[in-house]
Amino acid sequence: MPQTPTTPFPPRSRRLLRAVAVAACLPYLGLKTAWVAGSHLGIPAGSPLLDDRVALAAANALTILMDGAVIVLVLLLTRPWGRTVPAWLLAAPMWVATGLLAPIMAGYPLQLLMGALGGGAGSGGGDGRPFLEGWVFAVVYGGFIVQGLALGALFVLYARDRWGHLWRGRTTDLRAGATRRPGQRALAAAALVLVLFPLTLRAVWACGGTVGLTADAVADRGADAQVLEGVYVVFLLAAVAGAWALVPRRAPGPPVRVPLAAALVGSAAVACWGGWMTAAALLAPGDPADRPTDLMLLTYAGQMTVGLLVAAVCVRFLAGRSARLPAA
C-alpha cells in the first residue's frame, strides 16, 4: 500500500534504508568525537593535523554537527511529521548534503580503481608528512558512500510522493510562459559563461598541469588528485548542461527529470565544495605562503558561483511548475 501523510510507519524498505543510513554515520561520528576528546586514533605522529589542536577540535566539532544533520534528514524523510515541513526547510540541507557527498561517492571508487591499476597517490601533506592512516579513509569514505546511497534513495522516494508531478513529461513539452520565471534564461546563460574559467583550470589540473598551483600542491600531485579534478569537471558540465536544458525551447529533449537531476546534483557538488575550499583557504591558520594562490581561489569561488546560479535556475523552474501544475 503506498505511503500517505497519515501512514504511521514507513514501508519496510524505507525502514531498512533509514537503519542503514544511521548506522553508516556512526563510525564517522565516533572517530570525530574521539579526536575532539584528544585522541590521536588514526592520526600518525608528525601529521599536519596535529600542528594546531584547537583548530582540529573546532573543525571536528563542526563536522560532527554536519554528519548529525544527516540523521535528522533521515528521520524527516521517513516519519509522518516530515511530510508537513516547508519545502525549503528540507530542500536546502538536502542540497548541501548531496553536494558534499556526491564528489566523494564518485571520486573515491575511482581513486581505488586507479590505485589497483598502479596509479600513484599523493604523499599526504605537501612537505611529505603523513596526513592520516590509510584505514581512516576507507572507514570514513566508505561510510559516506553508504550514507549517500541510503539518503539519496530515501529522498527520491519522498520527493516522488510529494513533488513527483513537477518533473513529469519531457523538456519538449515545456512552454516559456508556463515554466519560466523572469531571468531564468539569463541565469543559465551567466552560468554557461562563468563556468569557462573554473572548468578550464580544473581540466588542466586533471590532465596533470600545475599552472596556478602552490609548490606544496604540486609536490603532492598524484593520480588521486587528478581523479578529483576530473570529477569536478564532470559535475561542472552536468550543472550547466542541465540548467540550459531546463530553459524552455521547441527542440526535442529528454524527460524533465534527467536535466533537473543533473542540474541539482551538479550545482550542489560544485557550489558546496567550491564554498568549502574557499572558506578553508581563507580561514586556515599558518604561513600565508602555504595558502592557495589567487588562481586557485578564483577557481573555487568561480565554481561556487556557477553552482549557485544553476541552483537558482532549478528553483525558478520548480516554482514555475508548482504554481501551474496540480499536486498529485
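Throughout, numbering of the chain's residues begins at 1 and tracks the sequence.
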Can I get a per-line list of side-chain donor-acceptor pairs under 3.5 Å for residues 296-314, giving both atom names and the distance, sequence neighbours left out?
{"residue": "Thr299", "atom": "OG1", "partner": "Leu295", "partner atom": "O", "Å": "2.8"}
{"residue": "Gln303", "atom": "OE1", "partner": "Arg202", "partner atom": "NE", "Å": "3.0"}
{"residue": "Gln303", "atom": "OE1", "partner": "Arg202", "partner atom": "NH2", "Å": "3.0"}
{"residue": "Gln303", "atom": "NE2", "partner": "Val270", "partner atom": "O", "Å": "3.0"}
{"residue": "Thr305", "atom": "OG1", "partner": "Ala301", "partner atom": "O", "Å": "2.8"}

**Q.** Min side-chain heavy-atom separation Arg170-Val256 under 4.5 Å
**A.** no
Q | Heavy-atom closest pair, residues Thr200 and Leu196 | A | OG1-O, 2.6 Å
(Q) With a 6.0 Å cut-off (strictly less than), is the heavy-atom count around CZ of Phe197, excluding the residue itself, greater than 12? (A) yes
Q.
Going by the rule ring-ring contact (aromatic ring centres under 6.0 Å, His included), which residues pair with Trp163 if we only count those two or more places apart in sequence or in a different chain?
A. Tyr158
Q) Would you say the side-chain atoms of Glu229 pair up with the backbone N or O of Gly208, donor to acceptor, closer than 3.5 Å? A) no
Q.
Please tell me whether Leu26 and Leu31 are part of a single hydrophobic cluster in this structure, the criterion being side-chain heavy atoms less than 4.5 Å apart.
A. no
Q) Would you say Val258 and Phe155 are hydrophobically clustered, going by side-chain heavy atoms of ILVMFWY under 4.5 Å? A) no
Q. In the single-linkage hydrophobic clustering (I, L, V, M, F, W, Y; side-chain heavy atoms under 4.5 Å), do Leu29 and Val36 co-cluster?
A. yes
Q) How long is the span from the CG atom in Leu132 to the CZ atom in Phe137, to the nearest 0.5 Å? A) 4.5 Å
(Q) With side-chain contact (heavy atoms from CB on, under 4.5 Å) as the criterion, how do Thr210 and Leu213 come out once you've worked through the C-alpha distance, each side chain's angles and the decisive distance to 0.1 Å? (A) CA-CA 6 Å; Thr210 59; Leu213 296 174; 4.2 Å; yes
Q. Which atoms form the tightest heavy-atom contact between Pro86 and Arg162, and what is the distance?
A. C-NH2, 4.2 Å
Q: Supply the atom-to-atom distance His165 NE2 to Arg160 CZ, rounded to the nearest 0.5 angstrom.
A: 14.5 Å
Q. Any salt bridge between Asp216 and Arg291, counting N to O under 4.0 Å?
A. no
Q. Between CH2 of Trp167 and CZ of Arg257, what distance do you get to the nearest 0.5 Å?
A. 10.5 Å
Q: Answer yes or no: is there a side-chain heavy-atom contact under 4.5 Å between Leu260 and Leu166?
A: no
**Q.** Minimum heavy-atom distance between Gln147 and Ala24, given as atom pair plus value
**A.** NE2-O, 3.5 Å
Q: Give the other cluster members for Leu16, using side-chain heavy-atom distances under 4.5 Å between Ile, Leu, Val, Met, Phe, Trp and Tyr residues; answer none if it is isolated.
A: Val20, Val146
Atom pairs and distances, donor-acceptor, side-chain atoms in residues 88-112, under 3.5 Å, two or more places apart:
{"residue": "Trp95", "atom": "NE1", "partner": "Ser267", "partner atom": "OG", "Å": "3.2"}
{"residue": "Thr98", "atom": "OG1", "partner": "Met94", "partner atom": "O", "Å": "2.8"}
{"residue": "Gln111", "atom": "NE2", "partner": "Asp224", "partner atom": "O", "Å": "3.1"}

Q | Pairs flagged by salt bridge (Lys or Arg N to Asp or Glu O under 4.0 Å) wherever residues 132-145 is involved - sequence neighbours left out | A | none
Q) Measuring from Asp161:CG to Leu77:CG, what's the distance to the nearest 0.5 Å? A) 11.0 Å
Q) How far does SG of Cys25 sit from CD1 of Ile64, to the nearest 0.5 angstrom? A) 12.5 Å
Q | Least distance between heavy atoms, Val85 atom then Gly82 atom | A | CG2-O, 3.3 Å
Q) In Å and rounded to the nearest 0.5 Å, what is the OG1 to CG distance from Thr33 to Leu41? A) 11.5 Å
Q: Mind jotting down which residue pairs meet the ring-ring contact (aromatic ring centres under 6.0 Å, His included) criterion with at least one end in residues 18-66? Sequence neighbours excluded, please.
A: Tyr28-Phe144
Q: Using the side-chain contact (heavy atoms from CB on, under 4.5 Å) rule, take Val247 and Phe317 through it: C-alpha gap first, then chi angles, then the decisive distance, then the call.
A: CA-CA 8 Å; Val247 175; Phe317 174 83; over 6 Å; no
Q. Taking a hydrophobic cluster as the set of Ile, Leu, Val, Met, Phe, Trp and Tyr residues connected by side-chain heavy atoms closer than 4.5 Å, whether directly or through intermediates, do Leu65 and Trp276 fall within one such cluster?
A. no
Q.
Whether the side chain of Asp67 engages the backbone of Thr63 through a donor-acceptor N/O pair (distance < 3.5 Å, no angle test) should be reported.
A. no
**Q.** Any donor-acceptor N or O pair under 3.5 Å, side chains Thr78, Arg18
**A.** yes
Q.
Which heavy atom of Gly266 sits nearest to which heavy atom of Ala239, and what is that distance?
A. C-CB, 3.7 Å
Q. Under 4.5 Å between side-chain heavy atoms, hopping through other hydrophobics if needed: is there a path connecting Leu154 to Val156?
A. no
Q. Is the backbone of Ala217 close enough, under 3.5 Å, to the side chain of Thr214 for a donor and an acceptor to pair up by distance?
A. yes
**Q.** Gln184 to Leu246 - nearest heavy-atom pair and separation
**A.** NE2-O, 3.1 Å
Q. Looking only at atom types and distance, does a side-chain atom of Trp205 sit under 3.5 Å from a main-chain N or O of Val211, one as donor and one as acceptor?
A. yes
